[in-house]
2 protein chains.
Amino acid sequence: MSGPWPRPSVTVDLVIFTVLEGALKVLLIRRGGEVCHGMLALPGGFVDVGDAGLPRPPGQPEDQGEDVEAAALRELGEETALDAALLRKHRVHLEQLYTFGRAHRDPRTRVITVAYYALVPPELVPLVQAGDDASEAGWFSVATEVPWSELAFDHADILSTGVARIRGKLDYAPIAFSLVPAVFTASELRQVHEAIRHQKIDKGNFRRRLKRMREDGLIVEVPGKRSSTGRGGRPATQYRFQAQEDPELAARPWPVSGRSS
Amino acid sequence: MSGPWPRPSVTVDLVIFTVLEGALKVLLIRRGGEVCHGMLALPGGFVDVGDAGLPRPPGQPEDQGEDVEAAALRELGEETALDAALLRKHRVHLEQLYTFGRAHRDPRTRVITVAYYALVPPELVPLVQAGDDASEAGWFSVATEVPWSELAFDHADILSTGVARIRGKLDYAPIAFSLVPAVFTASELRQVHEAIRHQKIDKGNFRRRLKRMREDGLIVEVPGKRSSTGRGGRPATQYRFQAQEDPELAARPWPVSGRSS
DNA sequence: TCAATAGTGTCTTTCAGACAGTATATA
DNA sequence: TATATACTGTCTGAAAGACACTATTGA
């Protein structure tokens with residue numbers, strides 16, 4: 001029922017975001033392969049599925065390879081040249097975005113891709129070595145620099161979906177905290193919101209939200225003040241994100257009914 | 001780079017919801033296969049990928065099979081015994097949920113599954129023939145009847161994700177309209193909201209939301225009144241959902257910069 | 001008449017947007 | 001001093017929750 005049947009290739013593609021100079025940016029690499037040669041593309045690669053579906057001696061169990069999530073994490077490390085410890089330490093956020101499975105989205109062979117997005121804090125950006133092959137690539141401002149019509153395959157769709165996703169979640173999920181330094185000021189957090197929404201936000205109103213976050217224990221004040229810009233002005237209070245226990249862990253929609261036997 | 005490599009199997013699994021007797025229900029089928037025999041499972045099946053990855057005469061193009069989305073739609077038709085025309089006519093909602101790609105989630109071979117959820121209006125439920133093989137199966141109340149520990153594979157995770165998704169989208173997406181008859185009363189729509197959220201909603205406050213929907217052109221009044229229950233009481237005003245042009249069609253996050261050449 | 005359902009109105013709280021004003025730093 | 005940034009307060013309106021009330025049907 002599942003052995004000798006034809007199977008698709010499965011890849012992961014990554015929409016890696018950061019915020020630099022007040023602008024939302026995405027990491028793109030220059031393609032070298034046969035197809036879409038020279039175009040810009042999202043980083044990605046094949047999911048390691050071991051020897052799945054290949055003939056093997058009877059009795060030997062199949063090596064099923066890595067989780068799709070693990071493949072995304074591995075690719076993130078490879079494409080940015082950041083090791084797993086750094087990614088963890090700086091709480092780089094990685095989340096599944098959508099699966100793109102149109103036939104012929106890759107003309108060579110059937111490829112289904114599971115897209116993820118990642119949020120890289122600006123402090124890590126100088127360490128990122130985009131693309132092992134060191135070809136022309138790097139961070140592109142989503143608003144002004146991404147050459148939408150020059151993106152390979154359906155990567156423009158994937159990128160659009162990624163931007164829409166972080167915009168949609170910005171107001172109710174801790175998206176922005178993954179795009180500021182570990183210790184941040186109100187202005188820095190606001191500028192990240194402005195970059196993602198691509199519009200100005202009222203200072204006073206944003207402070208009110210910050211105040212609620214503090215009351216809710218979502219952020220805590222950090223001793224010491226710091227000028228956000230360095231170019232003068234009154235120094236700002238600093239904050240730190242206070243990670244909550246993951247609400248998804250308690251996620252069985254209703255009490256388990258259990259087996260009566 | 002993509003020919004002779006091992007590939008995973010890819011399936012679609014469906015979380016098919018309806019609301020019956022004031023309760024959110026999901027369609028489960030009794031498994032007959034070798035693995036997880038006798039357990040309950042979400043309906044699903046393999047994505048047709050043509051002859052992808054198989055050896056073929058040089059020069060002959062690969063048959064890449066069907067889109068993943070098309071596979072989900074096809075499975076929905078097969079598992080419910082509803083034809084495509086009926087699904088369209090009754091605006092059955094089908095949307096990608098999440099992709100589950102843990103290694104060993106199926107012990108036989110590496111299987112990555114793209115989960116979709118579907119919303120079936122109650123008027124269609126009597127026509128649904130659950131499972132071609134006609135084994136014991138059917139609609140289970142998510143709150144009281146689903147035997148979570150007896151679900152095959154990781155289908156409990158998939159179902160949980162589906163319930164969480166429609167709950168999260170209930171207040172800002174037209175989820176509920178796909179779970180009432182084409183012409184509905186305020187009470188009927190409210191009961192669908194109550195079933196999904198699994199708690200009572202104040203009549204008056206819900207009416208206020210309905211009023212706004214009418215002002216926004218989201219719903220329109222239908223002439224004629226009808227008692228919701230049939231057991232007496234004052235007859236209710238009827239409404240009809242007014243489909244909007246899909247906002248996702250205008251979705252390029254920023255103006256296309258275009259090629260300068 | 002009662003029971004059941006439909007529908008209205010009001011009070012309160014929360015929160016966002018707009019905007020004016022004050023406070024503290026550097027040059 | 002001027003300028004830049006940080007921070008506070010106030011007015012308004014939109015919307016949700018709680019709850020009391022009236023209206024119209026069938027039995």
Side-chain angles (χ1 to χ4, degrees), chain A residues 21-22 167-173 176 180-181 183-240, chain B residues 21-22 167-173 176 180-181 183-240:
Chain A
E21 300 141 18
R167 273 194 197 160
K169 295 191 77 164
L170 182 60
D171 281 336
Y172 71 93
V180 286
V183 173
F184 56 88
T185 67
S187 287
E188 288 167 344
L189 191 67
R190 177 171 46 80
Q191 277 164 25
V192 166
H193 278 252
E194 290 176 342
I196 294 177
R197 298 179 42 172
H198 201 230
Q199 66 177 25
K200 277 284 178 190
I201 296 173
D202 182 87
K203 279 187 306 182
N205 297 336
F206 190 78
R207 283 200 145 279
R208 206 169 30 198
R209 293 182 56 178
L210 219 73
K211 187 181 166 199
R212 251 194 309 281
M213 293 181 198
R214 210 162 6 128
E215 288 162 359
D216 295 348
L218 199 67
I219 60 176
V220 294
E221 205 166 314
V222 171
K225 299 191 179 265
R226 168 169 65 89
S227 104
S228 284
T229 59
R231 290 193 309 277
R234 176 174 167 181
T237 306
Q238 298 183 116
Y239 303 92
R240 176 171 57 76
Chain B
E21 301 140 19
R167 274 196 196 158
K169 294 190 78 165
L170 182 60
D171 282 336
Y172 70 92
V180 287
V183 173
F184 57 88
T185 68
S187 287
E188 287 167 344
L189 191 66
R190 178 170 47 79
Q191 278 164 24
V192 166
H193 279 253
E194 289 175 342
I196 294 177
R197 297 179 43 173
H198 201 231
Q199 67 177 26
K200 279 282 179 193
I201 296 173
D202 181 88
K203 278 188 308 182
N205 298 336
F206 190 77
R207 287 202 141 276
R208 204 168 33 195
R209 292 180 56 178
L210 218 74
K211 188 179 164 202
R212 250 194 309 280
M213 293 180 197
R214 208 161 8 127
E215 289 163 357
D216 295 348
L218 199 68
I219 60 176
V220 293
E221 206 165 312
V222 171
K225 296 190 181 271
R226 167 169 67 89
S227 104
S228 284
T229 59
R231 292 192 309 277
R234 175 174 168 181
T237 306
Q238 299 183 117
Y239 302 92
R240 176 170 58 73

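A, B, ... follow the sequence lines: proteins, then strands. Residue 1 opens every chain.
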S.K.: Quick one: A/Glu215 CD to C/dT13 C1', roughly how many Å, whole number?
M.R.: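 Rounding to the nearest Å, CD of A/Glu215 and C1' of C/dT13 are 15 Å apart.
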S.K.: For atom CD of B/Glu21, decide whether the heavy atoms of other residues, nucleotides or ligands shown that lie under 6.0 angstrom number more than 12.
M.R.: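 Incorrect, the count does not exceed 12.
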S.K.: Select from A/Ile201 and A/Gly233 the residue whose nearest nucleotide in DNA chain C is closer to the 5' end of that strand.
M.R.: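 Checking each residue's closest nucleotide, the 5'-ward one belongs to A/Ile201.
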S.K.: To the nearest Å, how far apart are B/Leu189 CG and C/dT5 C1'?
M.R.: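 Whole-Å distance recorded here is 17 Å.
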S.K.: Is it true that B/Arg209 and B/Asp171 make a salt bridge, defined as a side-chain N closer than 4.0 Å to a carboxylate O?
M.R.: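 Counted as a salt bridge, because a side-chain N and a carboxylate O are separated by less than 4.0 Å.
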S.K.: Can you tell me the distance, in whole Å, between the CZ atom of B/Phe184 and the P atom of C/dA6?
M.R.: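 Those two atoms, CZ and P, are 14 Å apart.
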S.K.: Between B/Gln191 and B/Gly22 (side chain of the first, backbone of the second, donor and acceptor by atom type, cut-off under 3.5 Å), is there such a pair?
M.R.: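 Checked: no pair found.
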S.K.: Does a side-chain N or O of B/Ser187 approach OP1 or OP2 of C/dA6 to a distance below 4.0 Å, or not?
M.R.: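 So the side-chain polar atoms of B/Ser187 do come within 4.0 Å of the phosphate oxygens OP1 or OP2 of C/dA6, strictly under.
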S.K.: Should the side chain of B/Arg208 and the base of C/dG9 be counted as holding a donor-acceptor pair, with the cut-off at 3.5 Å?
M.R.: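 A donor-acceptor contact between them is absent.
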S.K.: A/Asp202 or A/Ser227: which one's nearest nucleotide on DNA chain D is closer to the 5' end?
M.R.: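 So the residue in question is A/Ser227.
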S.K.: Check the distance between C/dA16's P and A/Arg197's CZ and give it to me in whole angstrom.
M.R.: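 Rounding to the nearest Å, CZ of A/Arg197 and P of C/dA16 are 10 Å apart.
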S.K.: Shoot me the first and last contacting nucleotide of DNA chain D against chain B, ordered 5' to 3', at under 4.0 angstrom to non-hydrogen atoms.
M.R.: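 Reading along DNA chain D, I get D/dA15 to D/dG26.
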S.K.: How long is the straight-line distance from CG of A/Leu170 back to NE2 of A/His193, given to the nearest 0.5 Å?
M.R.: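 The CG atom of A/Leu170 is 4.5 Å from NE2 of A/His193, to the nearest 0.5 Å.
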S.K.: In this structure, how many angstroms lie between the P atom of C/dG17 and the NE2 atom of A/His193, rounded?
M.R.: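 After rounding, the gap between these two atoms is 12 Å.
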S.K.: Round to the nearest Å and state the distance from B/Asn205 atom CG to C/dG7 atom P.
M.R.: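 For the pair B/Asn205 CG and C/dG7 P, the rounded distance is 16 Å.
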S.K.: What's the CD-P distance between A/Gln199 and C/dA16, to the nearest Å?
M.R.: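 It is 14 Å, rounded to the nearest whole Å.
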S.K.: Would you say B/Arg167's side chain and B/Ile196's backbone share a donor-acceptor pair under 3.5 angstrom?
M.R.: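 Yes, the answer is positive, given that a donor and an acceptor are paired below the 3.5 Å cut-off.
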S.K.: Could you give the NZ-to-P distance, from A/Lys203 to C/dT22, as a whole number of Å?
M.R.: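 Distance check: A/Lys203 NZ to C/dT22 P gives 14 Å.
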S.K.: For the pair A/Gln238 (side chain) and A/Gly224 (backbone), establish whether a donor and an acceptor sit closer than 3.5 Å, ignoring hydrogens and angles.
M.R.: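 Checked: pair present.
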S.K.: Under the rule for side chain to side chain contact (heavy atoms under 4.5 Å, CB included), what residues qualify as partners of A/Asn205, not counting sequence neighbours?
M.R.: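 Result, side chain to side chain contact (heavy atoms under 4.5 Å, CB included) vs A/Asn205: A/Asp202, A/Arg208.
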